[in-house]
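Each residue takes its place number in the sequence, starting with 1.
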Amino acid sequence: MDTEALRSFVRAAELGQFRTAADELGVTQQAISKRIAGLERELEVRLFTRTARGVELTRDGHTFLPHARGVVASVERALTAVRPGARTLRIDVLGLRTAQAVILHEYWRSRPGSRIDVVTLKVTDPWEAVAAVAAGEVDATFRTVTDPAGLPPGVDMRHAFDSPVELLVGPKHPLADAASLTPRQLRKHRIWVPGIAPGSEWADFYDQLVTEFDLRVDAAGPHFGDEVLLDILAESGDVATLVGARDRYVWPAHQDLRRIPIASPTLAYPLSLILPSANPHPELRGVIAHFASLPQVPENTWVPSWATRP
């Protein structure tokens, strides 16, 4: 059934005039008359009778009207759901406490009315996230592939921002009172990062970090969640971990955990955005522009070999 004919029928019934309905829908009165005549032939009933003031619904027309309204409303909802300018931006982040989610929240607060759905795909292989973008399951993902030449046609990867890394320790740790640290000062200290997934870009990040600065990064044991990790750090005199400077962590005051910046060089995790090459969601333009407004990392910053740049 012709949905434009249904829309014409509904507006003509509500306005009582073919001419007024035509003006509102941006077509000629003749087009409205043809659409409704075709609808009447398909239904094999008369929907309108003509009067001196316009048109009135027949009994069949009154019966048909609520059903036609329902169909037209459903079509409008369906179009809105997939129309890029109106559809909610669906974007994947690694976790809701990560710098990615924090930056998106800042963007949303700066742009009232922005429609963003922040999701976590719960996959560790970045190529699975790439496939989700290619399939349209998400509009973009904060993932990095270390070999962008392998991206499928229609998918791009661009630099988003760099997230400086900080050391997180409890009050008993020998580095707890430092105002800042260099990578050299971290040597021989146990840096515990549970849950490093083999094949992920962050696994490669830590591999390169260890090689470059001779650090002791320990990924042993399962990751029982951030709360357990923070409890262990608070009680330990020899365990530390690395966190992003913009990552959101909250702990009870009695734990007295300390976040210590790392400099000379600054260590930074490069974050990328993977998105469609053609017709990306319009909201992504604002998100990407927001990245450019973020404070830049110092010139003396170490990033892994696969880091992309604007």
Can you find a side-chain donor-acceptor pair between Gln255 and Asp231 that sits under 3.5 Å? yes
If you measure from the Lys or Arg side-chain nitrogens to the Asp or Glu carboxylate oxygens, is any gap between Arg109 and Glu106 under 4.0 Å? no
Write out all pairs satisfying salt bridge (charged side-chain N to carboxylate O under 4.0 Å, His left out) with one or both partners inside residues 239-267, taking only residues at least two apart or from two chains. Glu166-Arg259, Asp177-Arg258, Asp256-Arg258
May I ask you to decide if Ser114's main-chain N or O and Glu283's side chain share a donor-acceptor pair within less than 3.5 Å? no
Under 4.5 Å between any side-chain heavy atoms of Leu47 and Val55, yes or no? no
Could you tell me which non-hydrogen atom of Ile260 sits nearest to which non-hydrogen atom of Ala178, and how far apart they are? CG2-O, 3.6 Å
Assess whether atom CH2 of Trp108 is packed by more than 12 heavy atoms of other residues, nucleotides or ligands within 6.0 Å. no
Measure up the Tyr269 and Phe205 rings against each other and bin them: parallel (under 30°), tilted (30 to 60°), perpendicular (over 60°). tilted
Would you give the length of the straight line joining atom CG of Leu273 to atom CZ of Phe161, rounded to the nearest 0.5 angstrom? 9.5 Å
Could you check whether Glu128 pairs with Arg143 (Lys NZ or Arg NE/NH1/NH2 to Asp/Glu carboxylate O, under 4.0 Å)? no
Nearest heavy-atom approach of Val133 to Thr141 is CG2-CG2, 3.6 Å
Can we say Arg190 and Asp238 salt-bridge, meaning some charged N sits less than 4.0 Å from an Asp/Glu carboxylate O? no
Rounded to the nearest 0.5 Å, the CD atom of Gln208 sits from the CZ atom of Phe213 at a distance of 10.5 Å
Any chance you could measure Asn279, atom CG, to Leu284, atom CG, to the nearest 0.5 Å? 12.0 Å
State, with a plain yes or no, whether a side-chain heavy atom of Leu6 is found less than 4.5 Å away from one of Val75. no
Taking Ala21's backbone N and O only, do any of them form a donor-acceptor pair with Glu24's side chain (distance below 3.5 Å, no angle check)? no
Just by distance, do the side chain of Asp139 and the backbone of Arg90 share a donor-acceptor pair under 3.5 Å? yes
Close side-chain approach of Val138 and Val119, heavy atoms under 4.5 Å: yes
Taking the side chain as every heavy atom from C-beta outward, state whether Thr144 and Met157 have any atom pair closer than 4.5 Å. yes
Ala12 and Phe48 have their tightest heavy-atom pair at CB-CZ, 3.9 Å
Before giving the answer on side chain to side chain contact (heavy atoms under 4.5 Å, CB included), spell out for Leu167 and His189 the whole-Å C-alpha distance, their side-chain angles and the decisive distance to 0.1 Å. CA-CA 11 Å; Leu167 192 74; His189 291 280; over 6 Å; no
Validation row, ring centre Tyr107 to ring centre Phe291 under 6.0 Å: no
Looking only at non-hydrogen atoms, find the nearest pair between Leu271 and Ser163 and report the distance. CD1-CB, 4.0 Å
Do the non-hydrogen side-chain atoms of Val10 and Leu65 ever get within less than 4.5 Å of each other? yes
Please tell me if the side chains of Phe64 and Leu57 come closer than 4.5 Å, counting only heavy atoms from C-beta onward. no
Can you check whether Asp92 reaches Ile274 side chain to side chain, under 4.5 Å on heavy atoms? no
Heavy atoms only: give me the nearest Ala240-Val169 pair and the separation to one decimal. CB-CG1, 3.4 Å
Closest contact, heavy atoms only, Pro270 versus Asp162: CA-OD1, 3.4 Å
